[in-house]
Amino acid sequence: MFKTHEQKQRLFLYPRKSSESEDRQVQSIDDQISRLTDLAKALHIEIVDVLPESKSAKKPGNRPVFEDMLRRIEKGEADGILCWQINRLSRNPIDSGRISWMLQQGILKCIQTIDRKYLPDDNVLLFNVESGMANQYIIDLRKNCRRGMEGKANRGWMPGCATLGYMNDKGEHTIIPDEERFPLVRQMWEMMLSGNYTPPQIRKIANDQWGFRTPKRKQMGGKELSNAVMYKMFGNIFYTGMFQWSGKLYPGNHTPMITVDEFDRVQILLGRKGNPRPQHHEFAYTGLIKCGVCQSMYTASEKRKFVKTTGQYKNYSYYHCTRKRKMAVRCDNMPITIPDLETQLELELDRYTIAPEFLTWALELLNKEKDTTTEDTTRIRAMREQSLSETQKELDTLTRMRYRELINDEIFIKERDILSDKITKLKAQLKEDINYDERWIELTERAFYFATYARQNFATGSVETKREVFTTLGSNYQLKDKRLIFKASVWLIPIEKALPALYAEFRRLELNNYVDIEGRKAILADIFQLVSATIEDVRTAIKELDDPDLYIPELTGSIPENIKKAP
């Protein structure tokens, strides 16, 4: 069955170096070939073929050269294998068992390493111990890596590759903002928060207009954004300053890009399953208007028609009922052209448009209020810190109860996870430094900016701008008999009610230019009192909405004379 000493054994030379970190200190492939070739000459071994491979042996079926080598040995092309160490052949129990079985059956007549030979008649226990040590090395390495990554997560740094918009600081082993991409990714979040864009639309703008490309790495990157990347990005809590790893939520030390509230708002916009509202068109109002007859949604269409009088084709765009809701009688609600619809919207916007002077006075009063919010900010922060401290005490008490065996593991783990998540969120809120009074002031400011510039932005803006003004102006839009019906935003109603009195005082001020300084001061005092009362009414309306996701765009611009509302 076996060769005599005069016969040369025919072996495959199998040098392997894994690309994984645990194998970086082993002899290189060239070095293995050189040393093993010298050994073959000394032992009178015939090398049938040199089969180098640079693959990890941690998982079975991962090495095509190794699999092909064993098939060739089974065909009788060689008697065995010449390799550096037995761990070059296997680091997993499946491949180890396969080699051991081939050796016991005599299919493998010899395995020669740099320091010993394995034969079919050898004690199988020795081979199994040595191959088991190679397998155990991988198990121990995995445990050590896992422990290191858990330690890094507990220190507030996410293990692994940084998220888009950030980069790994290899020197400090931290995650820092990517100076090139961080502001662009933040702009993507702002576009999503506006409610006027879907992830595919943002992706197209980033790729085509900004020239955005993913970071270039060794084997990947440097490519355009895909829809999958966009949806994954908008569902990643990492951007709030926290991160998830191994099924647990951790507070991070990296610079947050958005707040927790902003993240929650985007999840609402995406839907519970992360699917956005579909918008595969360039029309401003689709998906926002219902039919006043059958309650189906209105959609937009574009038709091309030949005009006999001019001999040319012309495109017509109009909104019409989709008629998706079943009715006893077919819905006969009439379509409406885009110019007719937008004319009605412009007339509605006129009802809430204020003169720039009113905006100036409102901002002057609101700026004074900003100076008084420091005390409230301090109090809110103190309450949050107290809540964090009390929750931490609850967790400590729960731990002591477990030590004393007053509760079992099931109760302890359940309550511990609840308290840990609460602590994580409280810490994130402390980082945000949100001041609710400042939020009300900011939203009130934006309400007055909107009332001043919405008309102009709507008249001259893009499709996205028109949609933004449209969604901010009101809700529950319906069309019936070509007439637009909707419910105006509640914070615009106080402005509309105050306009007649404000304009009356404004005219009185202009008509009394000859009045002495004291007289003008009296009129201005009346105007300021009206503006102040309007501010309070607008803010009250916003507060009563009790909507943490309320969004009012901060519009800017100048008012052209042809659309300025004269007092």
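The analysis underlying the following values was restricted to heavy atoms, covering all of them including side chains, and did not include hydrogens, waters or symmetry mates.
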(message) For Gln529, is the CD atom crowded, meaning more than 12 foreign heavy atoms sit under 6.0 Å from it?
(response) no
May I ask you to test the [X]-[Y] pair for a side-chain heavy-atom distance under 4.5 Å?
X      : Y      : answer
Pro200 : Tyr231 : yes
Met192 : Ile202 : yes
Cys331 : Ser296 : no

(message) Run Lys466 and Glu342 through side chain to side chain contact (heavy atoms under 4.5 Å, CB included) and show every step you take.
(response) CA-CA 9 Å; Lys466 290 178 183 292; Glu342 292 188 345; 3.4 Å; yes
Shortest non-hydrogen contact from [X] to [Y]?
X      : Y      : value
Leu395 : Ser420 : CD2-OG, 4.3 Å
Ser489 : Thr472 : OG-O, 2.6 Å
Thr163 : Met158 : OG1-CE, 3.8 Å
Val469 : Phe450 : O-CZ, 3.8 Å
Pro335 : Tyr318 : CB-CD1, 3.8 Å
Leu484 : Leu345 : CD2-CD2, 3.5 Å

Rounded to the nearest 0.5 Å, how far does [atom2] of [Y] lie from [atom1] of [X]?
X      : Y      : atom1 : atom2 : value
Ile535 : Leu366 : CD1   : CG    : 4.0 Å
Ile407 : Arg416 : CD1   : CZ    : 10.5 Å
Tyr197 : Arg467 : OH    : CZ    : 11.0 Å
Glu445 : Leu365 : CD    : CG    : 11.0 Å
Arg446 : Ile441 : CZ    : CD1   : 13.5 Å
Ile258 : Asp264 : CD1   : CG    : 9.0 Å

For the backbone of [Y] and the side chain of [X], can you confirm whether one donor and one acceptor N or O come within less than 3.5 Å of each other?
X      : Y      : value
Asn457 : Thr465 : no
Asn207 : Leu225 : yes
Arg186 : Met257 : yes
Thr214 : Gly222 : yes
Asp178 : Leu164 : no
Thr452 : Pro356 : no

Kindly write out the residues that satisfy side-chain contact (heavy atoms from CB on, under 4.5 Å) with [X], not counting sequence neighbours, or none if the list is empty.
X      : answer
Leu193 : Glu262, Arg265, Val266
Ala488 : Tyr352, Phe486
Ala300 : Phe283, Thr286, Tyr319
Thr391 : Ser387, Leu419, Lys422, Ile423, Leu426

(message) Applying salt bridge (charged side-chain N to carboxylate O under 4.0 Å, His left out) as the test, list every pair that has at least one member in residues 528-537; sequence neighbours left out.
(response) Glu536-Arg539
(request) Only pairs at least two apart or in different chains count here, so list each salt bridge (charged side-chain N to carboxylate O under 4.0 Å, His left out) that has a residue in residues 468-489. (result) none
Can you check whether [X] and [Y] have ring centres sitting under 6.0 Å from each other?
X      : Y      : result
Phe238 : Tyr166 : yes
Tyr477 : Phe470 : yes
Trp157 : Phe243 : no

(request) Anything under 30° is parallel, anything over 60° is perpendicular, the rest tilted; go ahead and classify Tyr453 against Tyr449. (result) parallel
(message) Please determine whether side chain to side chain contact (heavy atoms under 4.5 Å, CB included) holds for the pair Thr240 and Thr259, giving the CA-CA distance in whole Å, both sets of side-chain angles, and the decisive distance to 0.1 Å.
(response) CA-CA 5 Å; Thr240 67; Thr259 67; over 6 Å; no
(request) Begin with the C-alpha distance, continue with both residues' side-chain angles, and end with the deciding distance and a verdict on side chain to side chain contact (heavy atoms under 4.5 Å, CB included) for Thr534 and Phe358. (result) CA-CA 11 Å; Thr534 307; Phe358 298 157; over 6 Å; no
(message) Determine whether Gln344 and Ile336 satisfy the following criterion, side chain to side chain contact (heavy atoms under 4.5 Å, CB included), listing intermediate values before the conclusion.
(response) CA-CA 11 Å; Gln344 292 188 50; Ile336 185 172; 3.6 Å; yes
(message) Can you tell whether the side chains of Lys414 and Glu410 come within less than 4.0 Å, N to carboxylate O?
(response) no
(request) Establish, from distance only, whether the side-chain atoms of Glu390 and Gln386 form a donor-acceptor pair under 3.5 Å. (result) yes
